Protein chains: 2
Amino acid sequence: MTSPSVRTRKVILDAAREEFAAHGLAGGRVERIAKAAGANVQRIYAYYSDKQGLFDAVVLDAAASLAEAIRTEHRDIDSLANAIFDFVVNDPANTRTMTWARLEREDEFFQLMDTGQSGVGAVSELARLQDAGLVTTDWDAVTILEALIALCEQWHPNTRENGRSDIDRHRALVLRFVRTLAVEPAAS
Amino acid sequence: MTSPSVRTRKVILDAAREEFAAHGLAGGRVERIAKAAGANVQRIYAYYSDKQGLFDAVVLDAAASLAEAIRTEHRDIDSLANAIFDFVVNDPANTRTMTWARLEREDEFFQLMDTGQSGVGAVSELARLQDAGLVTTDWDAVTILEALIALCEQWHPNTRENGRSDIDRHRALVLRFVRTLAVEPAAS
DNA sequence: AGCTAAAAAGCAAATACTTATTTGGAAAAG
DNA sequence: CTTTTCCAAATAAGTATTTGCTTTTTAGCT
């Protein structure tokens, strides 16, 4: 059913995800992507117009999958924090890609994000928790969310060899942080 | 007094700092560095052997200046956190450089850091506070420090237009975090 | 000081290679 | 038959690094 063009588009995007996560936009090699995808270089240009277009597609995709990962309703900020933490731990490549994007496409980054309405889900989710009186309103949702993501990303992929116990300890640290932002429901 | 070679080394390093902070290792251009330094390309190779050697020199330098910025004794973790925060805010280029280094020289990054004994100062400073019973020992000094730096870096240079008030609000968030790690001195 | 020879610093142009992007045409699909 | 997909090879820059030579600095000596 899937037309060959759709399939090729996908294998190219998959290969690009790995390549760009590893080497970034400037360091990524179009030829390596084509080879890894088992496709021809020319197809990249046919589908994504140029290297940068492909990179942007990868970035949007990464942002979308973060949004996807935290889409469900969360009863509290702990739950939201855990979802973000899991995502970062389980897919370090995505995190790398976002970091590359912030560095290499600084000017276009937020515009790019808006296009894909990426973080929106998480922001509104957090805002909802604030509205419900469960999270402090001392900071706006975006600020808190970015702090949270920054904390989660701390280890991954920035550090050598993270054993399971390291991860658990790191998770505990993140949770300790978010709990300081939680508002205790008033005793009824 | 300063020999010309010393001076040239320095102007090259200064130019490289800017170039690499802006574009990273793969994206940085040797020729641009030479031009900005008002020096010849060949001098770069004479002094730093190659592009990567120059990049590493820049990274070590960035690490050293972070170490320098927090060298003084801190009476509590608030004071330490403020020092780190100030450094990150005042010199976003340094922060970018470190981020580039973690991405582009992932494997060599920590080895590089050890060479320059960069973070050591901050780690031992924090450990001292822990020994004095002023900071939780639930996490080791390295973990806490990396969390702290991650939080401080959150905005800078990752976001558009940070007004003074944004910065102050961000600082407050960082401080809120570190206070949860502080141990109240037992009432005497 | 002044002189001089060795060493170091400086540069423009050449080299050698990588790499993004295009072309022109063949094969497959609709 | 027309359109789309595919590809190998060509193109066209761009870029790190080296070479060969000139100029400046350094350091020893009278």
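Note that this is a predicted model, so its numbers are computed, not measured.
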Could you state the atom-to-atom distance from [atom1] of [X] to [atom2] of [N] in whole Å?
X: Tyr48(B); N: dT17(D); atom1: OH; atom2: P; answer: 15 Å
X: Gln42(A); N: dA10(D); atom1: CD; atom2: P; answer: 16 Å
X: Asn40(A); N: dT21(C); atom1: CG; atom2: P; answer: 15 Å
X: Tyr47(B); N: dA8(C); atom1: OH; atom2: P; answer: 11 Å
X: Arg7(A); N: dA29(C); atom1: CZ; atom2: P; answer: 12 Å
X: Arg43(B); N: dT23(D); atom1: CZ; atom2: P; answer: 16 Å

Hey, what are the protein-to-nucleotides 14-20 of chain C N/O distances that come in under 3.5 Å?
residue, atom, partner, partner atom, Å
dT19(C), OP1, Arg29(A), NE, 2.5
dT19(C), OP1, Arg29(A), NH2, 3.1
dT19(C), O5', Arg29(A), NE, 3.2
dA20(C), OP1, Gly28(A), O, 3.2
dA20(C), OP1, Arg29(A), NH1, 3.1
dA20(C), OP1, Lys51(A), NZ, 2.9
dA20(C), OP2, Val30(A), N, 3.2

For this session: Give a yes/no answer on whether the side chain of Thr8(A) brings an N or O atom under 4.0 Å of OP1 or OP2 in dT5(D).
Result: no

Exercise. Considering residues at least two apart in sequence or located in another chain, which fulfil the side chain to side chain contact (heavy atoms under 4.5 Å, CB included) criterion with Ala93(A)?
Worked result: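 Side chain to side chain contact (heavy atoms under 4.5 Å, CB included) check on Ala93(A) returns Ala21(A), Asp91(A).
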
Qualifying residues under side chain to side chain donor-acceptor pair (under 3.5 Å), relative to [X], sequence neighbours excluded:
X: Thr137(A); result: none
X: Asp14(B); result: Lys10(B), Arg17(B)
X: Arg179(A); result: Asp78(A)

Exercise. Below 4.0 angstrom, N of the basic side chain to O of the carboxylate: do Asp166(B) and Arg169(B) qualify?
Worked result: yes

For this session: Please list all pairs passing the ring-ring contact (aromatic ring centres under 6.0 Å, His included) test where one or both residues lie in residues 21-40 of chain A, with sequence neighbours left out.
Result: none

